[in-house]
Protein chains: 2
Amino acid sequence: MSKGNLRDVIVNRLKSKGLRVTPQRFAVYANLCSRRDHPTVEQILKDLNQDFPISSQATVYTSLQALRKVGLVKEVLLEEGVSRYDANVEPHHHFHCRQCGSIKDVPWDTFDSFNLERLPYLAESYEVTIRGLCDRCTGNN
Amino acid sequence: MSKGNLRDVIVNRLKSKGLRVTPQRFAVYANLCSRRDHPTVEQILKDLNQDFPISSQATVYTSLQALRKVGLVKEVLLEEGVSRYDANVEPHHHFHCRQCGSIKDVPWDTFDSFNLERLPYLAESYEVTIRGLCDRCTGNN
DNA sequence: CTACTATCTCAGAATAATTCTAATCTCAGA
DNA sequence: TCTGAGATTAGAATTATTCTGAGATAGTAG
């Protein structure tokens with residue numbers, strides 16, 4: 001359970017998906033794994049380059065695209081104009097607070113299973129987006 | 001049941017929401033009501049100005065924002081980078097085909113048994129996004 | 001019907017998110 | 001090590017959206 005372990009887990013995940021492990025790609029994915037807040041590219045970049053420059057903007061974009069393509073990260077579209085990213089690729093839903101804008105993961109089993117067979121389409125995945133006020137903002141309004 | 005009727009319905013909807021009825025705003029909303037395909041701003045604009053110029057781009061944006069603010073249209077976010085718009089403001093879900101990109105409305109009652117009380121948040125609305133292959137693309141793949 | 005004014009529209013500029021370019025560099029297999 | 005496919009980069013380009021400020025107009029009150 002040394003510090004090196006988390007590093008190795010991330011390296012192995014990248015390798016097992018056939019991705020070359022570069023410092024930039026590692027940093028982007030490690031950063032995303034350490035967060036729960038569904039950051040935008042801008043937020044990831046700011047975080048990475050806080051102390052000294054680690055990655056360019058273009059690389060964060062291409063890294064995220066590579067990670068997305070192999071299924072290590074998911075894109076989250078909840079607001080106009082910005083993509084957010086999520087290293088939690090297990091099935092789950094999202095709650096979006098209309099006041100503070102925060103995004104919370106909602107457990108998959110919050111909803112009972114759906115009747116996707118009734119659709120005239122081949123459904124491969126689905127997710128629920130819930131909007132409202134988060135625990136902090138309830139009462140402030 | 002004359003042609004004027006549909007026109008009047010739209011005019012009355014705009015008025016009842018306190019919106020001034022301008023030719024541009026009318027055209028944007030009428031166009032959106034006549035479609036089922038959740039168009040982007042670009043598509044609406046192209047449609048409106050097909051024969052002769054009706055509206056500028058900026059006006060389509062501001063019209064849609066005005067219509068959205070009063071609840072006559074909904075914004076649909078399913079793909080990165082573009083907002084789509086929907087004049088169907090009754091509760092419903094969306095299906096998004098990963099092959100042809102088409103978007104279909106899915107009846108509200110396709111899903112049941114939601115336990116929103118179990119969330120530690122104040123849920124005000126929700127919707128399901130389903131992804132997969134539409135009827136046309138099933139088999140083509 | 002006319003005048004008024006708050007609101008709307010417009011072209012073009014500005015901003016913001018993302019992608020492209022093409023030169024340079026580097027990971028990882030042999 | 002050597003090597004080459006693939007990655008990184010700064011900056012330019014592209015695309016979606018918003019802003020600006022001046023001129024037009026819907027709808028109301030007289």
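In what follows, every chain begins at residue 1, and chains take the letters A, B, ... in the order their sequences are listed.
As judged by a 4.0 angstrom heavy-atom cut-off over every strand, B:P53 is placed among residues making no nucleic acid contact. No contact: A:T40 has no heavy atom under 4.0 Å from any strand. Using a 4.0 Å heavy-atom cutoff across all strands shown, A:Q57 reaches at least one base atom of the nucleic acid. A:I54 comes within 4.0 angstrom of the backbone, heavy atoms only, and of no base.
Comparing B:V82 and A:A66 along DNA chain D, the residue whose closest nucleotide (by nearest heavy atom) sits nearer the 5' end is A:A66. Residue-to-nucleotide proximity on DNA chain C shows that, of B:T59 and B:R20, the 5′-proximal contact is made by B:R20. Position along DNA chain C of the nearest nucleotide to B:T22 versus A:T22 favours B:T22 as the more 5'-ward residue.
The CG atom of A:N12 sits 12 Å away from the P atom of C:dA28 (whole-angstrom rounding). When rounded to the nearest whole Å, the span between CZ of B:R25 and P of D:dA26 equals 12 Å. Counting to the nearest Å, the C1' atom of D:dA7 and the NZ atom of A:K15 are 16 Å from each other. To the nearest angstrom, P of C:dT7 lies 17 Å from CG of B:L14. Summarising the geometry, the separation between CG on A:L19 and P on D:dT8 is reported as 10 Å, rounded to the nearest angstrom. If you measure from atom CZ of B:R68 to atom C1' of D:dT18, you get 13 Å, rounded to the nearest angstrom. B:Q24 places its CD atom 10 Å from the P atom of C:dA11, with the value rounded to the nearest Å. One interatomic measurement links the two molecules: NZ of A:K69 to C1' of C:dT19, which rounds to 13 Å at whole-angstrom precision.
Taking a 6.0 Å sphere around CD of B:E42, one finds it holds 12 or fewer heavy atoms contributed by other residues, nucleotides or ligands.
The shortest distance between side-chain heavy atoms of B:V28 and B:V73 does not fall below 4.5 Å. Proximity of B:C97 to A:Y121: side-chain heavy atoms (C-beta onward) are nowhere separated by under 4.5 Å. Looking at heavy atoms from C-beta onward, B:Y61 lies in side-chain contact with B:Q57 at the 4.5 angstrom threshold.
Under the Watson-Crick or G-U wobble criterion, with both distances below 3.5 Å, C:dT24 is paired with D:dA7. C:dA30 is paired with D:dT1 under the Watson-Crick or G-U wobble criterion, all donor-acceptor distances under 3.5 Å.
Residue B:V41 has its side chain nearest to D:dT17 when only D:dT9, D:dT17, C:dA28 are considered. Checking D:dA10, C:dA11, D:dA16 against every side-chain atom of A:S56, the shortest atom distance belongs to D:dA10.
The shortest non-hydrogen separation linking A:D105 to A:H38 is OD1-NE2, 2.8 Å.
Proximity of B:Y61 to the phosphate of D:dT18: no side-chain N or O atom is located under 4.0 Å from OP1 or OP2. Regarding contacts with the backbone of C:dC10, a side-chain N or O of B:S55 is found under 4.0 angstrom from either OP1 or OP2.
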Where do A:H92 and A:D86 land on the side-chain contact (heavy atoms from CB on, under 4.5 Å) test, with the steps shown first? CA-CA 11 Å; A:H92 63 281; A:D86 192 351; 3.0 Å; yes
